[in-house]
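In what follows, a single structure is set out as structure tokens and then discussed.
Note that ligands are numbered from 1 as they come in the structure, with each ligand's atoms numbered from 1 the same way. Only this structure's heavy atoms are used, side chains among them; waters, hydrogens and symmetry mates stay out.
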Amino acid sequence: ALQVPDKAVESVCPYCGVGCQLTYHVKDNRILYVEGRDGPANHERLCVKGRYGFDYAHHPHRLTRPLIRRADAPKRGDAVMDPDRVMEVFREATWDEALDLVGERLRTIRDTHGKRALAGFGSAKGSNEEAYLFQKLVRTGFGSNNVDHCTRLCHASSVAALLEGIGSGAVSNPVMDVGKAEVVIVIGANPTVNHPVAASWIKNAVKNGTKLIVADPRRSDLARLAHRFLQFKPDTDVAMLNAMMHVIVHEGLVDEDFIAGRTIGYDELRRNVEGYSPESMAPICGIDADTLREVARLYATSKGSMILWGMGVSQHVHGTDNARCLIALALMTGQIGRPGTGLHPLRGQNNVQGASDAGLIPMMYPDYQRVDNAAARQKFEQLWGMPLDPQPGLTVVEVMHAIRAGTVRGMYIMGENPAMSDPDANHAREALAALDHLVVQDIFLTETAYLADVILPASAFPEKTGTFTNTDRLVQMGRQALDPPGDARQDLWIIQQIAARMGLDWHYRDVSEVFDEMRHSMPSIGGITWERLQAEHAVTYPCLAEGDAGDPVVFTTTFPTETGRARFVPADIIPANERPDGEYPRVLITGRQLEHWHTGSMTRRASVLDAIEPDPVALVHPLDLEEIGVRPGDVITLESRRGEVSLYARAEEGTPRGAVFVPFCYYEAAINKLTNAALDPFGKIPEFKYCAVRIRAG
Ligand code: SF4
């Protein structure tokens with residue numbers, strides 16, 4: 001019979017950073033269907049994930065009781081989740097028993113081995129309020145700054161370059177500004193797959209006359225619409241971008257007034273790009289000199305040029321250098337600070353911007369106030385009522401090294417899945433298994449939860465209320481549509497229960513009180529009240545005082561640096577950490593696909609999405625498949641120096657010869673077992689976009 005919803009709840013999409021507003025139509029505590037709302041980022045549009053990816057919340061695999069590892073169940077680093085055999089490894093417990101055990105173990109580690117022996121990973125899928133309380137718990141209850149989240153794995157290098165260059169890690173202009181730009185460069189990003197509604201605005205802009213330049217080692221769907229598609233060789237971003245800057249300098253296309261009035265360090269940059277002529281860089285990056293010249297001229301001379309980038313730029317050992325080049329391009333041509341210009345690193349998860357803003361990072365308090373800055377530390381010591389550790393904490397990958405070294409011994413992980421998402425995943429799993437105590441808070445028995453001592457059943461996205469900040473700096477209201485199943489509890493409640501057991505005396509009556517504390521410690525959102533969010537659903541920051549409209553376009557007159565000026569930072573070519581050789585002759589590039597999200601824990605349990613893409617695949621150029629001696633659909637095995645996985649071969653002409661692209665969402669072919677944990681020295685981001693592998697049939 002036709003089901004009629006009994007309520008409609010206005011919220012936002014739980015997946016990507018575009019931040020589409022949507023309505024959940026609910027009957028009897030089940031979502032029947034989802035519709036797009038007229039939000040600033042989507043104007044009623046939704047992609048396949050937002051529209052059909054909701055029934056994971058009702059999946060029978062949902063965790064509904066706290067679980068404690070049985071005394072006789074060994075932890076195995078290579079364990080693969082088997083939901084039907086959970087009770088052989090864990091036993092059910094009451095909340096009090098589970099929370100008391102967590103508190104007792106974490107306190108013992110802290111008191112025996114010191115405050116820095118504990119660490120926490122928060123989540124970019126949680127709300128701003130959850131992120132804020134989580135980092136506050138780690139800094140005040142655990143007593144160190146060892147708190148991080150998945151921004152370390154996606155845009156940490158972009159943020160490092162942006163903070164250094166222009167004083168702010170957030171975007172300068174919203175995605176919608178592509179409609180006002182004459183030229184749009186999309187580099188190292190595949191928005192049709194990863195930010196589909198944003199891609200639809202780019203496609204609309206092209207239809208209305210915007211010239212699109214797509215630059216990527218893989219030919220994406222968006223490249224079909226490009227005025228020029230630059231299929232540069234993997235790992236050669238700096239060579240290509242420095243050559244474009246060389247052209248701009250040599251042809252006098254720089255904006256001298258902008259450089260003189262609003263920047264520092266230009267002479268050093270100019271001297272540096274001198275050695276990067278298009279002719280000398282063409283053989284390195286694979287783009288001919290004429291095309292490099294044409295694209296450089298187009299970008300520099302248009303009335304408005306905008307750059308959007310993704311993890312193809314950021315996930316390299318030279319990710320910060322790649323982003324430095326993009327920033328320098330915008331600064332030398334004055335293509336920033338006006339509508340239809342600027343720099344936009346496309347954010348991955350729906351709240352990676354907000355979680356970073358809220359201080360879920362080891363070197364910064366909320367609003368990027370540095371932990372090693374005495375004045376900032378004093379401010380938060382006063383607000384939180386206790387002394388704080390002045391030493392920046394460890395990042396995601398550094399924590400794994402510290403566990404192996406025995407210096408980190410206890411962890412609290414909320415809604416992250418490092419056993420799947422960390423590079424060199426076998427080592428990451430071994431590290432997690434070696435902890436004295438691991439508590440994982442999640443909605444499913446993830447590969448990480450399988451290694452835990454205690455698992456706390458949490459709430460799915462539609463089961464809680466909170467704020468989320470999208471890639472455009474829009475703070476938006478997500479509202480509760482469902483009750484959590486069984487004994488599962490809201491994340492904000494769980495964090496506070498652990499805080500109480502770590503000796504903290506917190507009293508938040510509801511989520512709005514957490515938001516209120518945040519806005520009083522974060523100048524950028526100081527003017528946003530809970531009541532305004534309730535009424536308007538979304539407010540852009542910076543919003544310094546109540547009543548401010550919020551600024552979608554920033555840096556119009558000054559940059560938020562000490563001098564008010566932006567800084568050029570030159571970059572030179574640094575090769576990937578692990579190059580192909582005779583033994584491992586191909587390049588592995590990892591990423592995502594349209595239907596699945598990150599480690600797949602939600603989308604692979606969303607029936608429509610899983611039906612479309614049910615099996616692990618590797619995308620290989622058809623001629624390479626011939627060379628290997630397999631046909632599309634055959635099983636192939638990929639090996640690196642760190643591990644091997646088997647999966648199905650799929651022919652894709654857009655993948656460059658000699659490379660293979662694999663999504664990281666499939667637990668049965670966890671591709672991060674192969675990736676390289678080498679880090680960018682500034683952003684500490686791992687090199688997910690380049691390592692050496694070999695492929696064999698079968
Ligand atoms: Fe959700 Fe992103 Fe798709 Fe919008 S584009 S519906 S935010 S996944």
Side-chain angles (χ1 to χ4, degrees), residues 9-25 31 33-57 123-128 150 154-155 171 174-176 178-179 186 189-205 220-222 308 310-311 344-355 460-462 466-479 481 537-538 540 591-610 612-613 663-665:
V9 179
E10 295 180 325
S11 191
V12 291
C13 175
Y15 293 108
C16 89
V18 174
C20 297
Q21 291 191 3
L22 50 73
T23 303
Y24 289 118
H25 293 277
I31 297 168
Y33 61 96
V34 171
E35 282 183 316
R37 275 199 296 147
D38 189 13
N42 65 313
H43 296 294
E44 299 186 351
R45 297 179 187 186
L46 292 177
C47 78
V48 67
K49 288 190 284 283
R51 193 172 295 281
Y52 298 111
F54 56 83
D55 61 347
Y56 71 91
S123 174
K125 304 199 74 57
S127 67
N128 289 325
C150 74
C154 59
H155 264 307
V171 302
V175 169
M176 282 295 182
V178 295
V186 175
N190 188 357
T192 311
V193 164
N194 298 316
H195 304 84
V197 168
S200 75
W201 299 121
I202 296 171
K203 290 169 187 170
N204 289 165
S220 64
D221 174 65
L222 207 54
L308 299 100
M311 285 161 229
H344 192 119
L346 284 155
R347 298 302 167 144
Q349 305 226 33
N350 71 334
N351 202 36
V352 71
Q353 181 65 58
F461 188 88
T467 64
F468 298 82
T469 306
N470 82 343
T471 189
D472 296 332
R473 293 181 272 105
L474 264 176
V475 183
Q476 307 201 90
M477 183 67 86
R479 295 183 179 82
H537 310 292
T540 302
R592 290 166 286 177
Q593 58 191 154
L594 174 62
E595 290 78 7
H596 288 305
W597 188 244
H598 285 220
T599 66
S601 56
M602 290 157 66
T603 51
R604 295 200 72 200
R605 294 178 175 94
S607 52
V608 172
L609 303 177
D610 193 48
I612 301 172
E613 283 288 4
F664 66 96
C665 60

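When only modelled atom types and interatomic distance are considered, Gln21 and His537 share no side-chain donor-acceptor pair under 3.5 Å.
Only protein atoms were considered; those of element N, O or S under 2.8 Å from atom 3 (Fe) of ligand 1 number 1.
Residues Pro14 and Tyr56 meet the side-chain proximity criterion, which asks for heavy atoms closer than 4.5 Å. Residues Thr599 and Phe664 form a side-chain contact, since some pair of their non-hydrogen atoms from C-beta on lies under 4.5 Å apart.
Results of the side chain to side chain contact (heavy atoms under 4.5 Å, CB included) test with Phe461 over Tyr15, Phe468, Phe54 single out Phe468 as the only residue that passes.
Interface atoms of ligand 1 facing Gly19, defined by a heavy-atom separation under 4.0 Å, are 7 (S).
With hydrogens and angles ignored, the 3.5 Å screen pairs a side-chain donor or acceptor of Asn42 with a backbone N or O of Arg37.
Here the closest non-hydrogen pair linking Thr471 and Arg347 is OG1-N, 3.1 Å.
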